[in-house]
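Have a look at the structure below before the remarks.
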There are 2 protein chains.
Amino acid sequence: MVGIKELAQKTGFSITTVSRALAEYSDVSAETRAFIRQTAREIGYQPNEVARQLRRQRSNTLGLIIPTYDHSFSEGFFSQLLHGIGDAAGDARYDVLISARSPGDDELEAYKRIVGGNRVDGIILARTRQHDPRIAYLKQVGHPFVVSGRTAPDEIPDFPYIDVDSQAGIYAVTQHLIAHGHRQIGLILPPPDVAYTDYRRRGYADALSDAGIAYQNEWVFSGDLRRSGGYQGMYHLLDHHPTLTAVVCSNDLMALGAMQAAQALGRIVGRDIAVVGFDDLFDAEYAHPPLTTVRQPIYEIGRRLVDLLIGIIQGHPPQETQILLPTELIVRESCGTHIGKGG
Amino acid sequence: MVGIKELAQKTGFSITTVSRALAEYSDVSAETRAFIRQTAREIGYQPNEVARQLRRQRSNTLGLIIPTYDHSFSEGFFSQLLHGIGDAAGDARYDVLISARSPGDDELEAYKRIVGGNRVDGIILARTRQHDPRIAYLKQVGHPFVVSGRTAPDEIPDFPYIDVDSQAGIYAVTQHLIAHGHRQIGLILPPPDVAYTDYRRRGYADALSDAGIAYQNEWVFSGDLRRSGGYQGMYHLLDHHPTLTAVVCSNDLMALGAMQAAQALGRIVGRDIAVVGFDDLFDAEYAHPPLTTVRQPIYEIGRRLVDLLIGIIQGHPPQETQILLPTELIVRESCGTHIGKGG
DNA sequence: GTGAAAGCGCTAACAT
DNA sequence: ATGTTAGCGCTTTCAC
């Protein structure tokens with residue numbers, strides 16, 4: 001392995017001069033710099049990034065820790081988020097360190113190792129839960145971090161985050177259903193410890209309430225964020241409340257499972273029952289039937305998280321460090337907009 | 001930041017002893033070890049990973065460089081591969097360093113920086129192209145690496161890789177179509193520089209040839225790996241060769257685009273024209289109509305790449321370092337198995 | 001069983 | 001414009 005010492009020897013200059021020539025310092029003569037750079041190329045010198053990191057006390061790397069146990073990855077959300085993160089980080093010449101840890105490991109350990117171990121300049125936290133211990137830890141150690149999502153509505157979100165306004169999103173889609181004649185609308189939520197669960201419930205409850213419909217706890221089901229959760233939810237809801245004409249699901253994958261369950265129970269989605277999702281798939285248009293969903297700018301969230309984080313790292317955070325992005329209602333076939341319409 | 005020095009001071013032992021106590025050396029007395037470990041926990045000591053890496057000359061990190069320019073991420077393949085990689089790496093207590101670089105940057109630079117810069121113990125190379133310069137570079141510097149995919153069939157694959165036997169996969173699906181009466185079958189390929197393109201072409205050509213059908217160059221179209229490529233391909237093929245009854249697409253996303261184009265041209269997929277994909281989506285079952293596809297064990301590939309790479313890094317590579325995994329034909333509605341059948 | 005000292009490869013004061 | 005020197009925080013001989 002050729003190091004800076006070899007390069008210094010080869011060029012006849014000192015290590016210092018070589019280092020500064022390569023770093024474009026102005027106090028190195030143009031010829032010297034050119035010569036050194038040329039020689040570096042010739043002998044294939046590549047600075048040892050680890051040594052540089054140790055010395056400069058920064059890594060130009062952003063961290064992202066993924067909990068593998070809950071199948072985050074297969075939700076699509078994570079993939080798209082990572083896509084945005086990767087692109088924006090690349091543009092800013094940052095790398096991304098991913099650490100996936102399974103349930104056995106204490107999740108917080110991973111954060112301590114990565115953050116306390118000086119491996120990253122900042123960290124992106126995703127999939128917030130209620131009273132998230134990771135947020136508490138990062139606030140305590142004072143390491144730069146940004147959060148995809150928020151804490152639950154009853155907690156004070158005193159940290160930089162970017163979230164989608166899912167309460168408004170669920171409100172809009174529920175209202176849409178109501179406007180098209182639905183009165184008995186079910187809701188399939190994620191597990192209660194997921195931070196955004198309560199925002200979803202509120203948006204749904206508000207829409208019902210504003211339309212003079214009573215919120216009923218039995219119309220709400222909590223399931224895992226995968227197809228299975230949607231399947232179980234729809235099965236349960238239709239089993240106990242066969243008069244429901246619509247069900248709002250917390251993500252597209254669950255909506256697919258819900259549609260499957262509805263079909264298994266003899267309901268035609270889009271005719272007997274409306275099913276809506278919450279953006280998660282790369283493209284819910286080609287689902288069968290095409291899925292009505294609340295679109296979230298996931299890729300955009302990833303990009304902006306990185307910009308925000310880098311701003312914080314470099315000491316020039318933007319005015320706005322708590323950002324709520326709007327959703328967009330995409331109405332497609334599964335919505336069954338004709339149900340109850342005019343009679 | 002609390003370092004080993006502070007811990008040494010606090011416990012009254014030397015830095016050396018502290019280091020060894022934490023590393024479970026046997027020549028530290030049990031009580032000393034317990035005491036040091038306890039104190040470490042109390043004052044929140046976290047070893048500086050960067051310093052440790054510099055000293056030990058390894059990082060316990062695997063690298064993955066993603067070319068952002070060709071939308072690799074949105075192909076689904078990458079997401080699933082990364083999922084497998086992340087899980088397996090996590091299980092082996094390795095982190096994953098992701099570097100996404102856009103076209104402006106010389107791609108090879110990223111490899112040199114990451115590999116030459118000692119940031120990773122091994123690197124995973126994906127999306128191989130014909131005469132891939134990255135493979136040449138990695139072979140030359142002798143850094144541990146594994147490849148997802150192979151070089152083109154006319155190159156010597158003298159490096160560890162895991163690929164799917166796409167030639168056999170395409171052969172199988174083409175044969176399936178032929179068995180169900182199709183005689184005029186189109187093929188939509190990726191751009192020619194993608195390494196596996198020729199395997200696909202061969203599988204397709206072999207199936208035709210074995211059935212006594214002449215390979216026709218005009219039935220083959222090359223397009224980008226996204227929906228647009230499939231759309232253009234199908235549009236072009238049906239435009240020039242309206243008698244085609246089936247089209248094989250190189251991935252599911254392209255197949256979706258192809259189905260869309262067929263529908264735009266007034267063809268009913270599954271009745272007038274059969275469309276088949278090559279596994280890429282998280283679940284092609286819910287496409288409309290449900291997509292016939294050649295399933296690849298993508299997640300599995302990711303996992304095995306990591307196992308293989310770690311084996312190489314640690315000096316105990318398995319017997320088999322060039323692995324071809326089988327595909328599985330999944331027949332669904334879009335296949336139109338009734339076409340030409342018995343009539 | 002424990003400590004002193006060298007050094008991983010680099011950067012950045014501080015000389016000159 | 002260039003060189004000397006002191007670390008960054010840790011691991012690992014080597015002594016005792």
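Throughout, a chain's letter reflects where its sequence line sits, starting with A, and its residues are numbered from 1.
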Original post:
Would Ile36(A) and Arg33(A) satisfy side-chain contact (heavy atoms from CB on, under 4.5 Å), going step by step from the backbone distance to the final call?
Top reply: CA-CA 5 Å; Ile36(A) 291 177; Arg33(A) 179 162 57 233; 6.0 Å; no
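- At a threshold of 4.5 Å between non-hydrogen side-chain atoms, the residues Thr151(B) and His131(B) do not count as touching.
- Residue pairs meeting the salt bridge (charged side-chain N to carboxylate O under 4.0 Å, His left out) criterion with at least one partner in residues 44-55 of chain A, sequence neighbours excluded, are Glu49(A)-Arg52(A).
- Scanning residues 49-59 of chain A for heavy-atom distances under 4.0 Å to DNA chain D yields Leu54(A), Arg55(A), Gln57(A).
- Considering only residues two or more places apart in sequence or on other chains, Asn118(A) meets the side chain to side chain donor-acceptor pair (under 3.5 Å) condition with none of them.
- Near DNA chain C, meaning a heavy atom under 4.0 Å from it, residues 18-35 of chain B has Arg20(B), Asp27(B), Val28(B), Ser29(B), Thr32(B) in order of number.
- Applying the salt bridge (charged side-chain N to carboxylate O under 4.0 Å, His left out) test to every pair with at least one member in residues 6-16 of chain B, sequence neighbours left out, gives no pairs at all.
- Interface limits on DNA chain C: the 5'-most and 3'-most nucleotides within less than 4.0 Å of chain A heavy atoms are dG9(C) to dC14(C).
- With the end axes of the helix from dG1(C)-dC16(D) to dT16(C)-dA1(D) each set by five pairs, the angle from one to the other reads 40° at 10° resolution.
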**OP:** Any chance you could lay out the side-chain contact (heavy atoms from CB on, under 4.5 Å) test for Leu138(A) and Val147(A), step after step, and finish with the verdict?
**Re:** CA-CA 11 Å; Leu138(A) 290 169; Val147(A) 176; over 6 Å; no
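- Note on Arg101(B) versus Asp95(A): salt bridge recorded, some NZ/NE/NH1/NH2 to OD/OE distance being below 4.0 Å.
- The distance from atom CG of Leu7(A) to atom CD of Glu42(A), rounded to the nearest 0.5 Å, is 10.0 Å.
- By the 4.5 Å heavy-atom criterion applied to side chains, Val146(A) and Ile162(A) are not counted as neighbours.
- Applying the salt bridge (charged side-chain N to carboxylate O under 4.0 Å, His left out) test to residues at least two apart or on different chains, the pairs with a partner in residues 296-309 of chain A are Asp91(A)-Arg303(A).
- Qualifying salt bridge (Lys or Arg N to Asp or Glu O under 4.0 Å) partners for Asp27(B), counting only residues two or more places apart in sequence or in other chains: Arg20(B).
- Qualifying ring-ring contact (aromatic ring centres under 6.0 Å, His included) partners for Tyr137(A), counting only residues two or more places apart in sequence or in other chains: none.
- Nearest heavy-atom pair, Asn48(A) versus Gly117(B), reported as atom, atom and distance to 0.1 Å: OD1-O, 3.6 Å.
- Within the 4.5 Å cutoff, side-chain heavy atoms of Ile15(B) are placed close to those of Lys5(B).
- Looking at heavy atoms from C-beta onward, Val306(A) lies in side-chain contact with Ile124(A) at the 4.5 angstrom threshold.
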**OP:** Take Arg119(B) and Ser99(B) through the side chain to side chain donor-acceptor pair (under 3.5 Å) test and state the conclusion after the steps.
**Re:** CA-CA 11 Å; Arg119(B) 294 210 60 186; Ser99(B) 188; over 6 Å; no
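- In the 5' to 3' direction, nucleotides of DNA chain D lying under 4.0 Å from heavy atoms of chain B begin and end at dG9(D) to dC14(D).
- Of the residues in residues 3-16 of chain B, those placing a heavy atom less than 4.0 Å from an atom of DNA chain D are Gly3(B), Ile4(B), Ile15(B), Thr16(B), in numerical order.
- Residues Ile313(B) and Leu62(B) meet the side-chain proximity criterion, which asks for heavy atoms closer than 4.5 Å.
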